[in-house]
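Taking it in order: structure first as structure tokens, then the write-up.
Throughout, a chain's letter reflects where its sequence line sits, starting with A, and its residues are numbered from 1.
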Amino acid sequence: GENVEQHPSTLSVQEGDSAVIKCTYSDSASNYFPWYKQELGKRPQLIIDIRSNVGEKKDQRIAVTLNKTAKHFSLHITETQPEDSAVYFCAAIFTGGGNKLTFGTGTQLKVEL
Amino acid sequence: DVKVTQSSRYLVKRTGEKVFLECVQDMDHENMFWYRQDPGLGLRLIYFSYDVKMKEKGDIPEGYSVSREKKERFSLILESASTNQTSMYLCASRNSGSLNEQYFGPGTRLTVT
């Protein structure tokens with residue numbers, strides 16, 4: 001069935017270091033992979049997404065890579081700052097399920113001073 | 001700017017009560033979704049709707065029902081609340097098509113005692 005696995009569940013980095021969060025998906029027909037950031041007490045908000053026709057997308061300190069063959073995608077945050085501390089969710093569209101998103105279980109990122 | 005609003009931020013109900021959670025979006029989106037968010041389990045889909053009066057079960061529909069009488073409003077109903085339904089409930093909306101951003105509401109923290 002539809003499944004998105006996300007690792008790690010928690011990640012602690014020093015300010016200025018890089019952080020990487022990885023996800024794998026099960027539906028080879030998936031064509032849209034968004035990443036959401038949820039700060040404490042707030043709603044999830046889209047920070048970056050990638051379509052299946054590209055392998056990488058970058059927006060300032062955030063980048064996402066996609067490997068369709070291996071069915072995995074990753075979020076890369078460089079030069080981390082305290083305000084990057086949040087829960088990050090990956091997701092994938094499952095085309096056979098009526099175009100609904102299936103989410104990973106989330107990664108709690110903590111950026112330490 | 002898309003707005004997704006939910007009727008309550010915090011709600012406390014007793015076991016056995018009927019509970020209504022309301023969600024309204026102002027962007028004429030066709031698709032609306034209800035998720036529950038629990039620590040370590042991510043965002044799990046309860047029900048979704050592609051159009052007025054249309055509903056589909058998500059991954060965890062047991063104990064819930066929904067209503068979509070108008071395009072902008074999607075209601076989640078707990079027919080007889082139980083303590084294991086204590087959770088954060090998030091509504092979301094999105095335009096049809098697989099590549100469109102999904103927007104979340106602020107969430108309702110429901111406690112069933």
ask   = Quick one: what part of A:Y36 sits under 4.5 Å from any heavy atom of chain B, side chain, backbone, both or neither?
value = side chain

ask   = Do B:R36 and B:D38 sit within salt-bridge range, that is, some charged N less than 4.0 Å from a carboxylate O?
value = yes

Any residue of residues 105-113 of chain B which, by heavy atoms, sits under 4.5 Å from chain A = B:G105, B:P106

ask   = Quick one: what part of A:P44 sits under 4.5 Å from any heavy atom of chain B, side chain, backbone, both or neither?
value = both

ask   = Is it the backbone or the side chain of B:Q37 that comes under 4.5 Å from a heavy atom of chain A, or both, or neither?
value = side chain

task = Could you list the residues that satisfy side chain to side chain contact (heavy atoms under 4.5 Å, CB included) with B:S7, not counting sequence neighbours?
result = B:E22

inquiry  = Could you tell me if the side chain of B:V66 sits less than 4.5 Å from the side chain of B:F74, heavy atoms only?
reply    = yes

Result block: side-chain N/O donor-acceptor pairs under 3.5 angstrom for residues 13-22 of chain A, not counting sequence neighbours:
| unit_1 | atom_1 | unit_2 | atom_2 | d |
| --- | --- | --- | --- | --- |
| A:Q14 | NE2 | A:E112 | OE1 | 3.3 |

Any residue of residues 71-82 of chain A which, by heavy atoms, sits under 4.5 Å from chain B = none

query = With side chains defined as the heavy atoms from C-beta onward, is the minimum distance between A:Q108 and A:L11 less than 4.5 Å?
reply = no

key: Between CZ on residue A:F103 and CD on residue A:Q6, distance to nearest 0.5 Å   = 10.5 Å

request  = Would you mind checking which part of B:L41 comes under 4.5 Å of any heavy atom in chain A, side chain (CB onward), backbone (N, CA, C, O), both or neither?
outcome  = backbone

query = Tell me, do B:E56 and B:F33 make a side-chain contact under 4.5 Å, heavy atoms counted?
reply = no

key: Nearest-0.5 Å distance that lies between atom NZ in A:K37 and atom CG in A:L46   = 12.5 Å

message = Any non-hydrogen side-chain atom of B:E101 less than 4.5 Å from a side-chain atom of A:P34?
response = no

message = Rounded at 0.5 Å granularity, tell me how far CG in B:L76 sits from OH in B:Y64.
response = 7.0 Å

request  = Select one option (side chain, backbone, both, neither) describing which atoms of A:Q38 are under 4.5 Å from chain B's heavy atoms.
outcome  = side chain

ask   = Are B:E69 and B:K53 within salt-bridge range, i.e. N to O under 4.0 Å?
value = yes

request  = May I ask you to say whether B:R68 pairs ionically with B:D51, meaning some side-chain N is under 4.0 Å from a carboxylate O?
outcome  = no

